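Written below as structure tokens is the structure these notes are about.
As the structure is a prediction and not an experimental result, all values here were calculated from the model.
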Amino acid sequence: MSASTTADAAPAQAPAEPSEHVPTSRLIAFLIMVFGMFMAILDIQIVSASLSEIQAGLSASSSEVSWVQTAYLIAEVIAIPLSGFLSRALGTRNLFAISAAGFTFASLMCGFTSSIAEMIVWRAIQGFLGAGMIPTVFASAYTVFPRSKFNMVGPIIGLVATLAPTIGPTVGGYITDLMSWHWLFFINVVPGILITVGVLALVDFDEPHYELLDHFDWWGLGFMAGFLGSLEYVLEEGPRNDWFNDESIFIFAILCVVSAVAFFWRVLTAREPIVDIRAFTDRNFAIGCMFQFCVGIGLYGLTYIYPRYLAEVRGYSALMIGETMFVSGIAMFLSAPLVGRLMALVDMRILIAVGLLLFAGGTWQMTWITRDFDFYELLWPQIFRGVGMMMAMVPVNNIALGTLPPHRVKNASGLFNLTRNLGGALGLALINTALDGRTDFHISRLHDKVTWGNAQAVELLNTFTQRFQGMGDASMMALKQLTAIVHRQAVVMSYGDAFFLLTVFYLGLSTLVFLLAKPANPMAGPGGGGGH
């Protein structure tokens, strides 16, 4: 079957204009799928909050336990764009059921593992299989439901995509505190079985096209795995290992470039490309992906930077961090219905701009951060972050995917979700690099100030010396105490710098929203379209 024949047949899978009446069974089926997507996204952050407990339980080193996250992320980032082809070939029902069942079984095996090597293997399998659930839900939202319902389904998937990583530390902290780290994985088993059964029983959105598998592009898959897997590895490990000064990172960076060239050549020349990058010829989709990439930087970046500050500077436990971070989750949950209503009344480009400005306002408030910032100092920045994220992400989803022809949405959804994950990976790499670099800078500057000529420093050193009398080498202990204070202050100042960089970035991004073509009002019915 040729690519053109496939393209002609594809629209028959999903009617161009779904009926205005949505059967209850179809809505229930969609909500079951949404819960599956929630589990898959949540599982990244739910584990990150308890890596130290997993490390102790498996007798792993700090570098080994980091692969519990890295293996999941690399596998996920490879599988997400692949889901578009598989969804067309296997059908939504089969692909989602396979993903949910595989994710559930891998979760069970993660909970039973007794070595770090087994854990890394099962986490990679869990990430690869679970990834298929994420873009499949996005695609279903914009092909199964009529355009007039987008203001309802858009906030649902937007809320899940942003809420899951935000509340992950909270959920992970509670589970580990109340039971053990094994239950971070066991807790997926019963819901995973119910989701698999529910999808097999209720999902009937489209028909499979198994003939597409006859032309499965194995070379394309290999090149894509080399490109995206290497890129994710470089972004994950780069900040920890001094980037290209590390031999393995340098080798994977070369592999990434070579694989990228081969991948793009393959998808442009293959008979049935594994990923159809021609979706980027749609103006709103291309620019929407750029915004999704940038939103991913903030979504995953702040989900990382807040807990790191609370643990490193405030000394909070995983549970305390989760309770503090829960504010953003509440703000997202409460603002989702409001965003849905506003999308029907206001130009969605304005909503995106306001959301980005709110996000920038929250990070701007954090540029004045001190070591005493606690729950109440973080309250409004987190509220702005939660509301801003919802106002930016949900309209971007609608503009990018809701204006595409239905037969192109499955493939485009994989690419769209990939950009968010890659944005998150790049954001974490840049934030870690900025924090390390600015910490070194501030330590150097503070060392220049904290000298014997500084009366306050000398007085503080003398106070510490008197306090440590009779406890050993009082002078050395006092000097170490002063050094620790200087280092902590440098770390806090580096957090302020990182928040400032995010503020400038999102202020600049808010000015680019009018590159998007004005989308039709989603309440206007089937006639709406987007710019090309």
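- Remark: the backbone N or O of Gly111 is paired with a side-chain donor or acceptor of His182 at under 3.5 angstrom.
- Evaluation of the ring pair (Phe, Tyr, Trp, His ring centres under 6.0 Å) rule for Phe105 yields Trp122 as partners, not counting sequence neighbours.
- Panel note: side chain Thr419, backbone Phe416; a donor-acceptor pair is recorded below 3.5 Å.
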For residues 125-137, please give each side-chain donor-acceptor pair under 3.5 Å, one per line with the distance, not counting sequence neighbours.
| unit_1 | atom_1 | unit_2 | atom_2 | d |
| --- | --- | --- | --- | --- |
| Gln126 | OE1 | Arg123 | NH1 | 2.9 |
| Gln126 | NE2 | Asp43 | OD2 | 3.0 |
| Gln126 | NE2 | Ser107 | OG | 2.7 |
| Thr136 | OG1 | Gly132 | O | 2.4 |

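- Taking CG from Leu231 and CG from Leu235, the interatomic distance works out to 4.5 Å, rounded to the nearest 0.5 Å.
- Not counting sequence neighbours, the partners of Arg93 by the side chain to side chain contact (heavy atoms under 4.5 Å, CB included) test are Leu200, Val203.
- Using a 4.5 Å heavy-atom cutoff, the side chains of Trp219 and Phe223 are in contact.
- In terms of heavy atoms, Val199 sits closest to Ala97 at CG1-N, 4.1 Å.
- A donor-acceptor contact shorter than 3.5 Å links the side chain of Ser510 to the backbone of Leu507.
- Atom CZ of Phe186 has more than 12 neighbouring heavy atoms from other residues, nucleotides or ligands inside a 6.0 Å radius.
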Inset, instruction - Take Met119 and Phe112 through the test side-chain contact (heavy atoms from CB on, under 4.5 Å) and record every step on the way to the result. - result: CA-CA 9 Å; Met119 173 64 82; Phe112 281 132; over 6 Å; no

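- Interatomic distance, Met33 CE to Leu202 CG, rounded to the nearest 0.5 Å: 11.5 Å.
- For Arg278, the salt bridge (charged side-chain N to carboxylate O under 4.0 Å, His left out) partners are Asp276, not counting sequence neighbours.
- Using a 4.5 Å heavy-atom cutoff, the side chains of Thr196 and Phe96 are not in contact.
- Counting only heavy atoms from C-beta outward, the side chains of Thr104 and Leu108 never approach each other to under 4.5 Å.
- In this structure, CG in Leu358 is found 10.5 Å from OG1 in Thr363, a value given to the nearest 0.5 Å.
- Applying the side chain to side chain donor-acceptor pair (under 3.5 Å) rule to pairs touching residues 325-340 yields Ser328-Gln382, Ser328-Arg385, sequence neighbours excluded.
- If you look at Phe359 and Phe384, their ring centroids are not closer than 6.0 Å.
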Legend entry - Leu86/Asn94 under side-chain contact (heavy atoms from CB on, under 4.5 Å): CA gap, chis, key distance, verdict: CA-CA 9 Å; Leu86 293 179; Asn94 292 335; over 6 Å; no

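- At least one side-chain heavy atom of Met290 sits under 4.5 Å from a side-chain heavy atom of Ile287.
- Gln292 is listed as a side-chain neighbour of Met393, based on a closest heavy-atom distance under 4.5 Å.
- Side-chain contact between Val258 and Phe227 is absent, with no heavy atoms from C-beta onward closer than 4.5 Å.
- A pairwise comparison of heavy atoms in Gly301 and Leu428 identifies CA-CD2, 4.1 Å as the closest pair.
- Residues Arg26 and Asp204 are paired through a salt bridge, judged by an N-O separation under 4.0 Å between the basic side chain and the carboxylate.
- In terms of heavy-atom proximity, Leu502 sits nearest to Leu302 at CD1-CD2, 3.6 Å.
- Phe291 places a side-chain heavy atom less than 4.5 Å from the side chain of Leu356.
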Inset, instruction - Test side-chain contact (heavy atoms from CB on, under 4.5 Å) on Leu90 and Leu213 and set out the steps. - result: CA-CA 9 Å; Leu90 302 177; Leu213 296 173; 4.0 Å; yes

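- Between the CG atom of Asn432 and the CD1 atom of Ile305 there is a distance of 9.0 Å, given to the nearest 0.5 Å.
- Considering only heavy atoms from C-beta on, Lys410 comes within 4.5 Å of Arg88 through its side chain.
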Inset, instruction - Before giving the answer on side-chain contact (heavy atoms from CB on, under 4.5 Å), spell out for Leu351 and Asp347 the whole-Å C-alpha distance, their side-chain angles and the decisive distance to 0.1 Å. - result: CA-CA 7 Å; Leu351 280 183; Asp347 185 337; over 6 Å; no

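- When all heavy atoms of Pro155 and Gly340 are compared, the pair lying nearest together is CG-CA, 3.5 Å.
- Residues Met39 and Pro191 share a closest heavy-atom pair of SD-CB, 3.8 Å.
- Checking each of Leu228, Ile297, Asn417 against Leu422 for a side chain to side chain contact (heavy atoms under 4.5 Å, CB included) leaves exactly one that passes, namely Leu228.
- With sequence neighbours excluded, the residues forming a ring pair (Phe, Tyr, Trp, His ring centres under 6.0 Å) with Phe85 are Phe216, listed by chain and number.
- For Ala164 against Leu42, the heavy-atom pair with the smallest separation is O-CD1, 3.3 Å.
- Note that CE of Met391 and CE of Met332 are 13.5 Å apart. Values are rounded to the nearest 0.5 Å.
- With hydrogens and angles disregarded, no donor-acceptor distance shorter than 3.5 Å links the side chain of Ser259 to the backbone of Cys256.
- In this structure, Tyr72 OH and Ile120 CD1 are separated by 15.5 Å, a value rounded to the nearest 0.5 Å.
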